[in-house]
Amino acid sequence: MYAFNFERAADAKAAVARLKADPDAKFLAGGQSLLAAMKLRLASPSTLVDVARIPGMAEIRVDGKEIVIGAAARHADVAENAEVRQRIPALAALAGGIGDRQVRAMGTIGGALANDDPAACYPAAVLGLGATVVTDRRSIAADDFFKGLYETALEPDELITAVRFPIPDQAAYVKFHNPASRFALVGVMVARFGSTVRVAVTGAADSVFRCQPLEQALSANFSAQAARGVKVDAGQLNTDLHASAEYRAHLIPVLAARAVEAAGKG
Ligand SMILES: Cc1cc2nc3c(=O)[nH]c(=O)nc-3n(C[C@H](O)[C@H](O)[C@H](O)COP(=O)(O)OP(=O)(O)OC[C@H]3O[C@@H](n4cnc5c(N)ncnc54)[C@H](O)[C@@H]3O)c2cc1C
């Protein structure tokens with residue numbers, strides 16, 4: 001790890017001003033991805049600007065038909081929050097299934113989204129539930145947020161302050177996890193809003209994506225059987241030491257079917 005400075009931001013404005021003044025500075029939230037990258041010398045920020053303790057930025061609240069989760073909310077906070085558990089149990093369960101206790105005690109939703117690991121769970125929740133990412137300067141629809149491998153619509157000095165999740169009629173997230181890291185080998189979020197169904201897949205490609213064939217099948221017939229009948233093209237999917245593209249393509253409808261079953265029980 002290279003030497004770096006550490007500062008704690010008093011508020012979002014101060015944090016952003018610090019990065020505007022120094023393009024080599026970086027926000028630090030839970031450190032679960034950034035510190036590992038620094039230890040491996042894959043990242044060498046001049047200054048870490050701690051945004052995890054900005055007052056109010058870890059708040060979780062209900063606002064009409066949405067749940068608003070502050071960017072600094074830890075995975076464990078989301079998993080245990082009574083409002084999230086009651087209104088979007090799929091989101092609480094997803095957060096409770098991330099990594100291990102230490103990762104959940106430190107990692108934040110804002111850090112997970114900014115990092116946009118291709119096998120991360122939160123991107124599937126944000127895209128599957130059609131959430132809105134709120135930053136210090138704008139609101140970004142989930143469909144416009146994820147751009148590619150570790151790439152989002154964020155500007156280098158843009159701070160995520162919160163995420164607004166619409167409350168679905170039914171939803172569930174099922175992942176086939178890597179037993180070592182708990183990251184998703186494939187993870188599928190299914191969410192039903194009336195007759196519209198959104199299906200987001202993580203772990204299978206360079207970035208999270210919506211699976212149109214499953215969305216069409218489930219919008220017509222919200223059943224596990226309909227999900228199982230969908231064939232997913234392996235063409236754009238990843239092959240690595242954990243699984244082939246064909247295996248991942250096979251898993252997607254299988255996990256979607258399990259998610260539909262779980263959503264029915266939720
Ligand atoms: C062993 C292990 C297992 C894991 N398993 C899983 C898993 O099963 N599923 C899963 O989804 N994830 C998993 N993770 C990743 C985990 O969720 C991380 O917490 C997350 O990726 C990063 O969040 P963080 O708060 O620690 O961010 P940090 O590491 O502090 O920051 C990550 C990046 O986000 C930027 N950033 C941080 N906050 C903001 C903000 N508010 N606005 C803009 N940019 C910001 C930072 O500058 C940095 O570039 C795992 C991690 C580990 C170490």
Side-chain angles (χ1 to χ4, degrees), residues 4 6-9 11-12 15-16 18-19 22-40 42-54 56-59 69-79 91 93-128 133-138 140 145-146 150-163 173-187 189 200 202-203 207-208 242:
F4 60 91
F6 176 85
E7 293 174 14
R8 185 162 288 164
D11 54 30
V16 172
R18 195 65 193 80
L19 261 68
D22 177 2
D24 292 329
K26 274 187 99 57
F27 300 129
L28 174 73
Q32 297 301 293
S33 298
L34 181 54
L35 294 185
M38 289 169 66
K39 283 183 191 165
L40 292 168
L42 296 172
S44 53
S46 56
T47 300
L48 291 181
V49 180
D50 184 355
V51 297
R53 290 170 186 79
I54 290 177
M57 222 168 83
E59 191 189 31
I69 300 184
R74 317 270 180 190
H75 307 331
D77 300 334
V78 176
L91 184 58
L94 175 146
I98 292 177
D100 51 32
R101 264 178 199 277
Q102 182 191 316
V103 172
R104 294 195 293 275
M106 294 300 294
T108 68
I109 185 168
L113 294 176
N115 194 53
D116 192 19
D117 189 297
C121 302
Y122 265 128
V126 168
L127 191 61
V133 179
V134 183
T135 76
D136 63 289
R137 63 200 70 169
R138 58 183 170 151
I140 309 171
F145 185 78
F146 303 101
Y150 293 105
E151 198 190 333
T152 69
L154 293 172
E155 301 291 334
D157 60 4
E158 190 167 6
L159 181 72
I160 302 175
T161 54
V163 187
Y173 174 72
V174 177
K175 75 171 162 178
F176 192 87
H177 67 255
N178 177 320
S181 70
R182 320 298 283 189
F183 273 105
L185 201 74
V186 176
M189 169 63 93
T202 187
S207 184
V208 66
H242 302 299

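These values consider heavy atoms only, across backbone and side chains, with no hydrogens, waters or symmetry-generated copies. For ligands, and for the atoms within them, numbers begin at 1 and follow the listed sequence.
Ranking protein heavy atoms by distance to atom 14 (N) of ligand 1, first place goes to Phe183 CZ, 3.1 Å. Annotation: atom 47 (O) of ligand 1 to nearest protein heavy atom, Phe27 O, 2.6 Å. Counting protein heavy atoms only, atom 38 (N) of ligand 1 is closest to Ala29 CB, 3.4 Å. For atom 35 (C) of ligand 1, the nearest non-hydrogen atom of the protein is Ala114 CB, 3.7 Å. Scanning the protein heavy atoms around atom 42 (N) of ligand 1, the nearest turns out to be Ile160 N, 2.9 Å. Nearest protein neighbour of atom 26 (O) of ligand 1, counting heavy atoms only, is Gln32 N, 2.8 Å. Closest protein heavy atom to atom 24 (P) of ligand 1: Gly30 N, 3.5 Å. Annotation: atom 29 (O) of ligand 1 to nearest protein heavy atom, Leu34 N, 2.7 Å.
For ligand 1, the atoms sitting less than 4.0 Å from at least one non-hydrogen atom of Ala120 are 10 (C), 11 (O), numbered in the order shown with element in parentheses. Per-residue contacts place Leu159 under 4.0 angstrom from the following atoms of ligand 1 (heavy atoms of the residue considered): 40 (C), 41 (N), 42 (N). Which parts of ligand 1 touch Ser181 is read off a 4.0 Å heavy-atom cut-off, strictly below it: atoms 3 (C), 4 (C), 5 (N). Residue Leu28 has at least one heavy-atom neighbour below 4.0 Å for each of these atoms of ligand 1: 30 (O). Close approach of ligand 1 to Lys26 is summarised as follows: ligand atoms under 4.0 Å from at least one heavy atom of the residue are 47 (O), 49 (O). Under a 4.0 Å criterion applied to the non-hydrogen atoms of Gly107, ligand 1 contributes the atoms 19 (O), 25 (O), 26 (O).
Between Gly31, Gly111, Ala15, it is Gly31 that holds the heavy atom closest to atom 30 (O) of ligand 1. With atom 16 (C) of ligand 1 as the reference point, the heavy atom nearest to it among Val51, Asn115, Thr108, Val103 is part of Val103.
Taking CG from Leu28 and CE from Met38, the interatomic distance works out to 8.0 Å, rounded to the nearest 0.5 Å. Taken from CZ in Phe146 to CG in Leu113, the straight-line distance is 5.0 Å, to the nearest 0.5 Å. Between the CZ atom of Arg18 and the CG atom of Asp50 there is a distance of 13.5 Å, given to the nearest 0.5 Å. Atom OH of Tyr122 is separated from atom OG1 of Thr202 by 13.5 Å, given to the nearest 0.5 angstrom. Expressed to the nearest 0.5 Å, how far CZ of Arg74 lies from CD of Gln32 amounts to 9.0 Å. Here Asn178 contributes atom CG and Phe176 contributes atom CZ; the two are 10.0 Å apart, rounded to the nearest 0.5 Å.
Side chain of Lys26 to backbone of Leu34: no donor-acceptor contact under 3.5 angstrom is found. Side-chain atoms of Arg182 do not come within 3.5 Å of backbone N or O of Ile98 as any donor-acceptor pair. Asp136 places a side-chain N or O within 3.5 Å of a backbone atom of Leu159 that can act as its donor or acceptor partner.
The shortest separation from a heavy atom of Glu158 to ligand 1 is under 4.0 Å, placing the residue in contact. Under a 4.0 angstrom heavy-atom cut-off, Ile98 registers as being in contact with ligand 1. Heavy-atom separations between His177 and ligand 1 are all 4.0 Å or longer. By the 4.0 Å heavy-atom criterion, His75 is counted among the residues contacting ligand 1.
With sequence neighbours excluded, the residues that form a salt bridge (Lys or Arg N to Asp or Glu O under 4.0 Å) with Glu59 are Arg61.
Each of Val126, Val208, Leu94 was checked for a side chain to side chain contact (heavy atoms under 4.5 Å, CB included) with Cys121, and the lone residue meeting it is Leu94.
Contacts between Ser33 and ligand 1, counted as non-hydrogen atom pairs separated by less than 4.0 Å, involve both the backbone and the side chain. Contact annotation: for Arg74 versus ligand 1, there are no heavy atoms closer than 4.0 Å.
In terms of polar-atom proximity, defined here as any N/O pair under 3.5 Å, Cys121 does make such a contact with ligand 1. The shortest N or O to N or O distance between Ala119 and ligand 1 is not under 3.5 Å. Between Lys175 and ligand 1, an N or O atom pair is found at a separation short of 3.5 Å.
When side chains are defined from C-beta on, Phe145 counts as touching Leu154, because their heavy atoms get closer than 4.5 Å. By the 4.5 Å heavy-atom criterion applied to side chains, Leu127 and Met189 are not counted as neighbours.
Within the structure, every pair that satisfies the side chain to side chain donor-acceptor pair (under 3.5 Å) test and touches residues 104-121, not counting sequence neighbours, is listed here: Ser33-Asn115, Asp117-Tyr150.
Counting non-hydrogen atoms of other residues, nucleotides and ligands closer than 6.0 Å to CD of Glu7 gives a total above 12.
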